[in-house]
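Note that ligands are numbered from 1 as they come in the structure, with each ligand's atoms numbered from 1 the same way. Numbering starts at 1 and runs along the sequence shown.
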Amino acid sequence: MKTFSFKVDPLTGEQYYEVYLRGQQLLTDPLLNKGSHFSIEERASLGLTGLLPHGVSSLEEEAARSLESYRRKPDDLERYLFLLGLLNRNETLFYKLLTENLIEMLPIVYTPTVGQACLLLSRIMRRARGVYIHPDNIAAIDTIFANVPLPEVQLIVVTDGERILGLGDLGADGMGIPVGKVSLYVAAGGLHPACCLPVCLDVGTNNDRLLADPLYLGFRRRRLEGEDYDRFVERFVLGVKRNFPNALIQWEDFAKHKAFRLLERYRERIPSFNDDIQGTGATALAALLTASRIKQKPLAAERVVIVGFGQAGVGTAKAIATYLQSQGLPPEEARKVVWPVDVQGLLCQDDPSLEPWQRPFARKREEIAGWKLKDPQKITLEDVVVNVKPTILVGVTAQPGLFSTKLLQQVAKEEARPVILALSNPTSKSECTPEDALAATGGRALVATGSPFPPVSLEDRTVETSQCNNLYVFPGVGLGTLVAKAPKITDEMFLAASEALSAMVSAEEQERGLLLPPLTSVRQVAREVAVAVAKKARDQGLGRLLADEEIEEVVSQAQWEPRFVPYRPGRPS
Ligand SMILES: O=C([O-])CC(=O)C(=O)O
Ligand SMILES: [Mg+2]
């Protein structure tokens, strides 16, 4: 049901919304509600007379009022609930507050607090956002999408809740993640809040705690699997195509088997990408490109051990290989920079349990012929570190403490400036803390982590740690693809994103060991990433044929700022 339309006054050129709601309905619609900002004229023409206190506030005054309430909250979960309440009451105000206090509020609406919220979502949720699709309503997919109260959906973040951050299967309670990602699409990417839709594919859960919890709100069955699952997802994708033909789909926090399969099945059929494979991979590559400039050593000359060879591990390995190939390395050489380690230890080609996505990076048995091993059947992470002498160590395992002091010391013994990326989320799942990494390496490590950590005080300086999180990539990739009207998203578009992101780290920031630009510039980052992605799409013959300046112009124009436009009463046509 449409609640408003975007309009431009043909005489004055002024933007306004033609609004179809009146009175109390308008005040309870979060996209349209202006709270005390409604003008005297709007109050009269939209049936609001008497429903608001006398004072008319500017957006800045409303934001100051909300910030005061926010800062009175006693803990992070309460802060999360307050911000979500605000999002459900007045979206423009929420985004004003979030964009102006991003460093303070990002860890609340996003990683790590959003993880804490997902663990409790059925118990703390006040009001649902987005859409929930389950086996009992999938037949009505067109009705579900017709019920979406947004004028034009362009961006969908969808999860089935099976692998929420490093927290496992949270069923429908995983919906906190698409909601959080959408808030970054708006705050960082600048997409209009009225075109972004969080979706939960609630196919059940295998989490016994949730199944036994009388307050759990999801579809209370074990997960749909196999062909039933595939048919379910297919009906969802076809529904998206019919109802929102221009929409881009971001796959988020699926279990790895499904994540790889869905990405491959749909990437040519609909503009879509997997954030945990491609978004995380592109961000990690950006961090490594910066490290390579700091070290003045080409990435081709590094030895990269990646621990945890699932979505983020394979995504990072592929991003590295794509980059090295763009530098002229033959594909096989490019892949050899990476040493993949998973639960069974080093991945070798003769291992029958290898997954298809792991296989291209598995090593030949001959390569390890001369290694000293305790047990040749299982080549442990320690064995790999001792024998490969990695210069870069990437962790994506959700195993806190996996990068022990001993392991980190071993890496630092052979490498003057080891790069340590501990990427698992949330904070509690990080393979090591920046403090551990710096202590074990005598302060020489270049460190980045998936979740935020406070600065570390060393004897002679304070070290900040970059947050190597896909939040640096997905908003710009989404924005760039939409602006370009590209029918698909290629590996080269992600490579362009990595290069643009790394290029934004200034010489002074590199000097301080930062591998990514500061979080304060995420909006600028999304802009640069979007421009790079749209140009690459064009160069690959995808989407609109715009000149460089035109791309820059349309990206700038597409970025919405949280502000109110005037409302005029209308009737839906
Ligand atoms: O949400 C985040 O912070 C990053 C991410 O995609 C994940 O950990 O699954
Ligand atoms: Mg994710």
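- No donor-acceptor contact under 3.5 angstrom links the side chains of Thr280 and Gln311, judged on distance only.
- Donor-acceptor pairing under 3.5 Å is lacking for the side chains of Thr283 and Asn470.
- Aromatic ring orientation, Trp560 versus His192: tilted (interplanar angle from 30° to 60°).
- When hydrogens are left out, the protein atom nearest atom 4 (C) of ligand 1 is Asn425 ND2, 3.3 Å; that is the closest non-hydrogen contact.
- Summary: OD1 is the N/O/S atom of Asp253 found nearest to the Mg ion (ligand 2).
- When distances from the Mg ion (ligand 2) to the N, O or S atoms of Asp276 are compared, OD1 comes out shortest.
- Atoms of ligand 1 lying under 4.0 Å from any heavy atom of Arg163, numbered from 1 in the order shown and given with element: 7 (C), 9 (O).
- For ligand 1, the atoms closer than 4.0 angstrom to any heavy atom of Lys181 are 1 (O), 2 (C), 4 (C), 5 (C), 6 (O).
- By the 4.0 Å N-to-carboxylate-O rule, Asp491 lies close enough to Arg267 to be salt-bridged with it.
- Residue-level proximity to ligand 1 for Ile164 is absent, since no heavy atom of it falls below 4.0 angstrom.
- The aromatic rings of Tyr110 and Phe474 are tilted relative to each other, their planes meeting at an angle between 30° and 60°.
- The N, O or S atom of Glu252 with the smallest distance to the Mg ion (ligand 2) is OE2.
- Counting heavy atoms under 4.0 Å from ligand 1, residue Val114 does not touch it at all.
- Using a 4.5 Å heavy-atom threshold, the side chains of Leu263 and Phe254 count as separate.
- Taking a cutoff of 4.0 Å between a charged side-chain nitrogen and a carboxylate oxygen, Glu499 and Lys536 do not qualify as a salt bridge.
- The contact set between ligand 1 and Asp275, taken as ligand atoms under 4.0 Å from a residue heavy atom, comprises 6 (O).
- The protein heavy-atom contact nearest to atom 3 (O) of ligand 1 is Thr111 OG1, 2.4 Å.
- At a heavy-atom distance under 4.0 Å, no atom of Leu471 approaches ligand 1.
- Other residues, nucleotides and ligands contribute only 12 or fewer heavy atoms inside 6.0 Å of the CD atom of Glu435.
- Residue Thr280 places no N or O, backbone or side chain, under 3.5 Å from any N or O of ligand 1.
- Using modelled atom types and a 3.5 Å distance limit, the side chains of Gln250 and Tyr185 yield a donor-acceptor pair.
- The nearest heavy-atom contact from the protein to atom 5 (C) of ligand 1 is Asn470 ND2, 3.4 Å.
- With ligand atoms numbered from 1 in the order given, ligand 1 contributes 6 (O) to contacts under 4.0 Å with heavy atoms of Glu252.
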